[in-house]
Amino acid sequence: MRAEIAEQPAALRATLDALLPLTDDIAALGRETRQVLFIARGSSDNAAVYGGYLLQAHSGRLATLASPSIATTYGARIDLSDVLAVAISQSGKTEEIVDTMRWAADCGARTVAVTNGEGSPLAESADVALVTRAGTELAVPATKTYTTQLAALAVLALGLGAGLDRGELLGAPDAIEAALAQSDDRLDAIVDRLVGVQGAVVSGRGMAFSTALEAALKLKEACYLHAMGLSYADLLHGPIAVVDSGTPAILVAANNGPTLPGTVALAERVAAAGAPVYAIGGGDALADACDLSVPAPDVPEWLAPINLIVPAQILTEKLARRLGYDPDAPRGLGKVTQTS
């Protein structure tokens, strides 16, 4: 897992080189559709959350997450004639995702596949395939396949007319490379404090919400921690009651953007309640409100999730090993999960 975390800058560069030339193909599908429907599970579903925020904030398109059981279990028919269905699967072999994308096409949707599986059933069935270039990923927890999915969704947004700077996207691998070169001392300090806790709340909002969900998933699958990934707005609607001296909060935020002040206010509230609070990103403002913090590269908010997840991946790998677990092969999990 740690080796694959370190491979992310190269994987991102290769992915962007391969996918940015496809923006015209994406634009052609965009001219035939109005809304976007994301079809995914697991880490890919967390990537879809990023895609949804990105498209709605910057391309003016309604974007929603699909419920695959509507297709695979209920067999319902829905008019999707103005929909662009974007199916996301690292392997491209999860039957439920492939079947749901084919169902969407049969209901009138145009389709895009986001997958690391070149020649996979998902890639072969889509109108346009955005095949990421992460290379083989051996560890069960997704790292480089996840960040390259985020890059593919950024390319999707550019193709669908988002007024964003592709030059900023091309700089994302360099930012991760710089982050990987930093000392692990701050992460090690957080790991020291997480050893022995049974649960944690991981929270963010807006673009960073996807990172909170993915970080919580990583802690669950590799460290067996009862980690809840929540929007900070949802956290305030009741679940904040579980945050106490034995249940820390891990907050993730871009160094800039409209959700940062709310994240800082949440950190102050958690700290006032006597609970440990740790930060990934958020700049000096969030660091000052937390017990410990890990800095994130100073990138535009729309690209922050590609960078914010990297410290969370390293934190997960370190904590798993401290707890005596093998992060590469969590119990009960395989690289391809089949659902129906």
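- No donor-acceptor pair under 3.5 Å is formed between the side chain of Tyr325 and the backbone N or O of Leu319.
- Shortest non-hydrogen contact noted between Leu225 and Val197 is CD1-O, 3.3 Å.
- Side-chain atoms of Glu221 never come within 3.5 Å of backbone atoms of Lys218 as a donor-acceptor pair (strictly under, hydrogens ignored).
- At distances below 3.5 Å, not a single donor-acceptor pair connects side-chain atoms of Thr15 with backbone N or O atoms of Thr132.
- Between Val86 and Ile39, every side-chain heavy-atom pair lies at or beyond the 4.5 Å cut-off.
- Here the side chain of Ser43 pairs no donor or acceptor atom with the backbone of Ala142 at under 3.5 angstrom.
- For Ala129 against Leu22, the heavy-atom pair with the smallest separation is O-CD1, 3.8 Å.
- Heavy atoms from other residues, nucleotides or ligands lying under 6.0 Å from NE2 of His58 number more than 12.
- Salt-bridge formation is not detected for the pair Glu317/Arg322: no Lys NZ or Arg NE/NH1/NH2 atom is positioned less than 4.0 Å from an Asp or Glu carboxylate oxygen.
- A continuous path of ILVMFWY side-chain contacts below 4.5 Å connects Trp103 to Val83, so both sit in one hydrophobic cluster.
- Here the CD1-CD1 distance, from Ile70 to Ile78, works out to 6.0 Å after rounding to the nearest 0.5 Å.
- Listed here is the closest heavy atom pair of Pro327 and Pro330: O-CD, 3.6 Å.
- In this structure, Arg41 CZ and Leu65 CG are separated by 10.5 Å, a value rounded to the nearest 0.5 Å.
- Tested against Pro68, the residues Thr94, Asp99, Thr100 include a single side-chain contact (heavy atoms from CB on, under 4.5 Å) partner, Thr100.
- With hydrogens and angles disregarded, no donor-acceptor distance shorter than 3.5 Å links the side chain of Asp127 to the backbone of Val112.
- In this structure, Thr263 contributes its side chain and Thr259 its backbone to a donor-acceptor pair below 3.5 Å.
- No option in Asn116, Thr148, Thr145 other than Thr145 meets the side chain to side chain donor-acceptor pair (under 3.5 Å) test with Glu137.
- Across all their heavy atoms, Pro173 and Leu12 have their closest contact at CG-CB, 3.8 Å.
- Between the side chain of Asn255 and the backbone N or O of Ala296, at least one donor-acceptor pair lies under 3.5 Å.
- A salt bridge is defined here as a Lys NZ or Arg NE, NH1 or NH2 lying under 4.0 Å from an Asp or Glu carboxylate O, and Asp106 with Arg77 meets this definition.
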Just distance, no hydrogens or angles: give the donor-acceptor pairs under 3.5 Å from side chains in residues 24-38, sequence neighbours left out.
| residue | atom | partner | partner atom | Å |
| --- | --- | --- | --- | --- |
| Glu32 | OE1 | Arg110 | NH1 | 2.3 |
| Glu32 | OE2 | Arg110 | NH1 | 3.0 |
| Thr33 | OG1 | Leu29 | O | 3.0 |

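- Of the possible polar contacts, one joining the Ser125 side chain to the Pro121 backbone as a donor-acceptor pair under 3.5 Å is found.
- No side-chain donor from either of Gln313 and Glu214 sits under 3.5 Å from a side-chain acceptor of the other.
- Rounded to the nearest 0.5 Å, atoms CG (Leu150) and OG (Ser210) are 6.5 Å apart.
- Checking side-chain atoms of Lys144 against main-chain N and O of Ala134 turns up a donor-acceptor pair under 3.5 Å.
- Note that OG of Ser203 is 10.0 Å distant from CE of Met228, once rounded to the nearest 0.5 Å.
- Val202 and Leu260 fall into different hydrophobic clusters, where Ile, Leu, Val, Met, Phe, Trp and Tyr residues are linked whenever their side-chain heavy atoms come under 4.5 Å apart, directly or through other members.
- Note: Met1 CE to Ile314 CD1 = 9.0 Å, rounded to the nearest 0.5 Å.
- The nearest pair of heavy atoms linking Ala63 to Gln56 is O-NE2, 3.4 Å.
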Next item on the list: Take Gln8 and Thr143, measure what side-chain hydrogen bond (donor to acceptor under 3.5 Å, both in side chains) needs, and give me the verdict at the end.
Entry: CA-CA 8 Å; Gln8 288 177 112; Thr143 55; 5.0 Å; no
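- The CG atom of Leu194 sits 8.5 Å away from atom SG of Cys223, with the distance rounded to the nearest 0.5 Å.
- Under the 4.5 Å side-chain contact rule for hydrophobic residues, Met101 and Leu84 do not share a cluster.
- A salt bridge does not link Asp188 to Arg193: none of the charged nitrogens lies less than 4.0 Å from a carboxylate oxygen.
- Across Thr115, Val114, Val131, Thr111, a single residue satisfies side-chain contact (heavy atoms from CB on, under 4.5 Å) together with Leu122, and that is Thr115.
- Among all heavy-atom pairs drawn from Leu286 and Ala267, the shortest one is CD1-CB, 3.9 Å.
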